[in-house]
Structures are given as C-alpha cells and as structure tokens.
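Read through the structure below, which is laid out as structure tokens, and then see the notes.
Residue numbering restarts at 1 for every chain, and letters A, B, ... go by the order of the sequence lines. The basis for the numbers below is simple: all heavy atoms, side chains too, and nothing from hydrogens, waters or symmetry mates.
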There are 2 protein chains.
Amino acid sequence: MGTTHLETVPEPKYWHLKNVIGEALDSDFAVGEILPNERELAARFGVARATLRQALEQLELEGRLQRRRGVGTTVAPPRLGVDVSTNQHTGPGAAQDAWQAFDCDKVVPPPAVSRALGTAAGEETYALRRLRGTHGQPLAAELLYVPAASVPELTAIDAPSGAARARCVLRELQRLDLDGQDRAVELGSARADDARELDRLPGSPVLVVTTRYLCQGRTVAVSVATYRADTCKLTFGDSGDVRISHHGEERRAS
Amino acid sequence: MGTTHLETVPEPKYWHLKNVIGEALDSDFAVGEILPNERELAARFGVARATLRQALEQLELEGRLQRRRGVGTTVAPPRLGVDVSTNQHTGPGAAQDAWQAFDCDKVVPPPAVSRALGTAAGEETYALRRLRGTHGQPLAAELLYVPAASVPELTAIDAPSGAARARCVLRELQRLDLDGQDRAVELGSARADDARELDRLPGSPVLVVTTRYLCQGRTVAVSVATYRADTCKLTFGDSGDVRISHHGEERRAS
DNA sequence: GAGTGGTCTAGACCACTGC
DNA sequence: CAGTGGTCTAGACCACTCT
C-alpha cells in the first residue's frame with residue numbers, strides 16, 4: 001500500500017502479494033522457519049485463500065518457499081548448486097552427492113528416445129533407474145536407456161534383475177570410452193513415479209535433463225534425468241557451485 | 001472414463017484431465033490448431049472452469065499448449081532447441097537466431113551479481129540489455145553486467161547511451177580473450193520487464209541462465225538471461241538441436 | 001461489441017501429518 | 001484427533017484481441 005498505485009496499470013493482487021511476502025521473507029524470516037497457515041495469511045491480507053495460494057505458488061516456483069501437506073509452509077534454503085556436467089556413477093569416495101542405481105529392467109523406450117538411440121520402434125532396451133540426493137534430500141531421478149547392442153559383453157551372464165543387474169550395465173558402459181555428451185534442459189512436470197521418488201506431488205515442476213552419450217559417432221545411451229526445480233540449480237562447467245542466484249542475498253536470520 | 005478407476009488411488013481430476021487432453025492433442029489436433037474455449041471444455045468434461053484451467057496450466061508448463069488472452073488456446077509446436085553454450089554477439093552471417101543488443105546504461109547490479117563480479121556493494125556497472133529471438137518470436141531477454149574495470153579502453157569516448165553504447169561495450173568485451181565460462185540454469189518467474197519483452201504475462205515460468213565470463217581467473221562479466229520456459233529447450237554441447245523431447249513423437253496432423 | 005483467457009471470491013470437502 | 005495444505009465448485013468481473 002506504500003505504492004502510489006498508478007491505477008493505469010492495476011497489477012494483479014496475487015502479484016502484489018507475492019512481492020510483499022517475498023520482502024517479508026527477506027527481512028523477517030529465517031530459513032526453515034514456518035509461516036502462518038494459509039487461512040490465516042489470507043485473512044490477514046484480506047484476500048481469498050485461492051488468491052493467497054497463487055502468490056505462494058509463485059514463491060515456491062522461485063524456490064523461496066517449501067510447502068508440505070499436513071505440515072505447513074516453510075522458508076526454503078537457497079537452491080543447491082548441482083553439477084550436471086560430470087556424472088559420477090556411484091563414484092568411490094564422494095558418496096555425499098552421487099547417483100545410486102537401484103533397479104534395472106528391460107522396457108520399450110518412448111519413441112523420442114528410441115529414435116535418438118537408433119533402435120527399432122518397439123525394441124526393448126535396458127532401463128536403469130537411478131536416484132541422486134544429498135543429505136537424505138532427493139534431488140533427481142533418472143532413467144538411463146541402454147540398448148543391449150551397446151553392452152555386448154553383458155549377455156546371459158544373468159545377474160538377478162534389480163540393483164545387481166544395474167551395476168553390471170553401468171560397469172559395461174564405463175568400459176566404453178565415450179567421445180562426449182550432448183545435453184538439453186527443459187521444463188517439465190513430474191510424472192507420478194518420479195514425483196514419488198522426489199518426495200513431491202505429481203505434476204510439480206522439474207528440470208528435465210536429457211543426455212546423449214556418444215561413442216564413435218553413435219549414441220550408445222540416453223539418459224532422462226528429472227531434477228526438482230524448486231531445490232536445484234543446475235551448474236555446468238568446472239567450478240561446481242557458482243553461487244549466483246537470481247533473487248540473491250543471503251537470508252538474514254534476524 | 002475408459003479407465004477402470006481403481007478407487008484405491010483417487011488421482012486428482014485435473015491430473016486425469018491433463019492426461020486425457022494430452023492424448024487428444026497427440027491424436028486429434030494439429031500444431032497451431034485452436035481448441036474450444038475454456039468454458040465449453042469445462043462443460044464438456046463436466047468440471048468447473050478452475051479445474052479445467054489447472055489441467056491446461058500443466059499442459060502449458062510442458063510446452064504443449066499456448067494460451068493468449070483475448071485469442072484462445074492453441075496447440076504449441078515442439079520446443080525449439082536453443083544453443084546456450086555458444087554466444088554469438090549479433091554475429092555476422094547468421095542473423096537468424098542471435099542476440100540483438102538494444103540498450104545500455106549504468107546501474108547498481110543486484111547483490112548476488114556484484115558479489116560474483118567482485119565489485120563494491122553500491123558500485124555501478126554497465127548493464128547491457130539484449131534480446132534473442134527467431135522468426136520474430138522472442139526467446140530470451142538478457143541483462144549483461146560489465147564493470148567499467150573490465151573494459152578500460154572504453155572511457156569517455158562517449159557513445160550516446162543506448163544501442164550505440166551497447167555495441168561499444170560488446171566490442172571491447174570481445175577483445176578480451178576469455179578463459180572460459182561458468183553456467184547455471186534454474187527455474188524462475190518472469191519479472192515484469194522481461195515478461196513484456198518475451199510477450200508473456202509477468203510471473204510466467206522462465207529458465208534463468210546465469211553465466212560468468214572468466215578472464216585470467218577473474219570474473220569480467222556476468223549475464224542473467226531469461227528464456228521462455230514454454231517454448232525453449234536449452235541445449236549444451238556442439239550438436240545444436242538435439243531433438244529429444246520428453247513427450248516426444250511428432251504431432252500427427254490428421 | 002462479442003468472445004477469449006486472467007483474476008478473484010466464499011465456501012466445501014479431501015488427504016496427509018503429527019500429536 | 002486437530003491442523004495443515006491440496007482439490008474442487010459455481011459464480012462474478014476484468015483485460016485483452018479481433019472484427
């Protein structure tokens with residue numbers, strides 16, 4: 001209300017609300033602190049709950065709030081810088097932030113993937129399921145498609161389906177010396193299965209990273225990794241956490 | 001309604017709706033085709049308009065629909081692969097998809113940026129405004145922060161503020177031989193000014209690409225580029241358009 | 001001016017979490 | 001069990017675009 005409210009451009013209530021709450025977050029709240037519940041906030045601002053929720057949704061999209069059903073709305077920590085340019089396969093040493101494979105079966109990949117792999121339309125490939133997290137927080141869920149032709153050594157040596165087989169496929173894949181990788185990032189919404197793994201609701205916004213692994217001009221594997229858009233900032237290049245966020249400035253815990 | 005509706009896991013209506021409409025888009029609609037209006041769709045599916053809108057919002061988030069106030073809802077073309085790893089400064093030759101600088105003044109950068117640049121808290125830098133687009137479609141809006149110290153040759157040679165000055169700063173910047181770049185991608189919502197340039201509503205989802213330009217170990221410039229999340233798929237690496245989308249499969253124009 | 005999507009309301013009920 | 005966020009409704013009005 002401090003604005004001179006030039007009525008020429010009446011900005012929506014939820015937009016104004018978002019800014020007001022956003023500033024309040026910077027000045028009056030510490031990370032992890034819990035906000036008043038939606039009904040009270042709506043009453044306090046004199047708007048319908050739906051309108052208040054529209055503002056909170058925006059703030060959640062920007063990674064500044066975290067909402068959990070049955071619990072409440074809390075102030076989110078700054079987004080985690082997650083390096084996407086390397087890919088440690090459950091690497092030794094740094095078990096802190098790494099992929100963990102936990103399943104593998106054979107499936108018919110979606111058309112776009114099988115086209116990239118150059119496999120026939122209905123042809124099955126290995127589908128390796130991996131999870132990435134830090135400090136118990138899930139960050140990303142991945143589906144790695146590997147045509148049987150890419151790992152010829154792995155035939156009927158069996159390996160019971162599941163984590164064991166996943167490790168075998170990964171081992172074979174690492175044996176190839178890759179020429180390089182191709183990456184694309186786009187916005188998506190979490191499928192039901194990914195949402196469960198990521199501890200989010202189905203449909204929540206995610207950053208989908210599609211990677212083609214190249215070997216002698218051919219695509220030997222395709223990975224579709226789904227990162228939580230609310231908590232992750234994807235980094236590329238050799239410097240790890242770049243530590244530049246859009247609405248910057250550390251939260252001042254009063 | 002063809003589902004066997006296992007009532008054990010009652011998925012939300014809007015979620016089911018999203019899937020139904022999504023399938024319809026694949027089978028019954030061509031790119032660019034206009035859908036029935038929201039009120040009619042809601043009636044046809046027997047839901048409130050708000051619920052129908054929730055489904056459409058999801059589909060828009062996934063880049064499958066495009067909605068314009070006063071016009072209607074149309075089927076979106078597949079996302080454009082936009083290369084982010086190179087950065088042609090209004091390069092000669094390919095004027096098709098390139099940055100176009102059109103303004104430059106001096107501003108105090110946001111704290112996160114000035115920290116990355118190593119400038120003092122209240123210190124001004126050049127702020128170069130650029131726009132990227134293809135075929136008339138705006139793709140991204142960028143703010144490039146360049147400390148005066150990074151372009152020492154450009155002092156009082158004037159150049160009237162505006163596009164001319166922008167070109168001067170770029171020219172100076174290209175004269176430096178950069179060691180490399182650091183990139184980060186995260187989800188954001190369009191600020192009012194970006195939204196206007198991108199022909200979107202304020203708050204619409206965008207992919208924010210933050211780039212640090214390095215020269216002899218120091219950060220000589222920082223760019224914050226805002227890409228339309230609905231129409232863009234950011235690509236990294238040397239192969240241009242990777243042509244793998246998440247919900248793949250070309251639309252079959254009946 | 002007719003028709004579209006965007007905003008907003010006031011209320012209801014559901015699903016989940018934790019005590 | 002009480003309290004939270006998530007879903008859904010039925011309506012109203014506004015801002016915009018096109019003709």
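- With sequence neighbours excluded, the residues that form a side chain to side chain contact (heavy atoms under 4.5 Å, CB included) with A:Leu131 are A:Phe102, A:Ala141, A:Glu197.
- Qualifying side chain to side chain contact (heavy atoms under 4.5 Å, CB included) partners for A:Pro12, counting only residues two or more places apart in sequence or in other chains: A:Tyr14, A:Trp15.
- Once you apply a 4.0 Å limit to the heavy atoms of chain A, the touched nucleotides of DNA chain D run 5' to 3' over D:dG3 to D:dA15.
- Legend: residues meeting side chain to side chain donor-acceptor pair (under 3.5 Å) with B:Glu38, ordered by chain and number and at least two apart, are B:Arg49, B:Arg53, B:Arg67.
- Listed by chain and number, the residues in a side chain to side chain donor-acceptor pair (under 3.5 Å) with A:Glu142 are A:Arg130, A:Ser223 (sequence neighbours excluded).
- Residue pairs meeting the salt bridge (charged side-chain N to carboxylate O under 4.0 Å, His left out) criterion with at least one partner in residues 199-209 of chain B, sequence neighbours excluded, are B:Glu60-B:Arg200, B:Arg200-B:Asp230.
- Listed by chain and residue number, nothing satisfies the side chain to side chain donor-acceptor pair (under 3.5 Å) test with B:Glu57 (two or more places apart in sequence, or in another chain).
- Looking only at side-chain heavy atoms (C-beta outward), A:Thr134 and A:Leu80 come within less than 4.5 Å of each other.
- Using a 4.0 Å cutoff on non-hydrogen atoms, the parts of residues 49-59 of chain B near DNA chain D are B:Arg49, B:Ala50, B:Thr51, B:Gln54, ordered by number.
- For B:Gln137, there are no side chain to side chain donor-acceptor pair (under 3.5 Å) partners two or more places apart in sequence or in a different chain.
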Find every protein N or O atom lying less than 3.5 Å from an N or O atom of nucleotides 1-4 of chain C, and list the pairs.
| from | atom 1 | to | atom 2 | distance (Å) |
| --- | --- | --- | --- | --- |
| C:dG3 | N2 | B:Gly70 | O | 3.3 |
| C:dT4 | OP1 | B:Asn37 | ND2 | 2.8 |
| C:dT4 | OP2 | B:Asn37 | ND2 | 3.2 |
| C:dT4 | O2 | B:Gly70 | N | 3.2 |

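- By the side chain to side chain contact (heavy atoms under 4.5 Å, CB included) test, A:Leu143 pairs with A:Arg129, A:Tyr145, A:Arg191, sequence neighbours left out.
- Put simply, the side chain of A:Leu35 reaches to within 4.5 Å of the side chain of A:Leu25, judged on heavy atoms.
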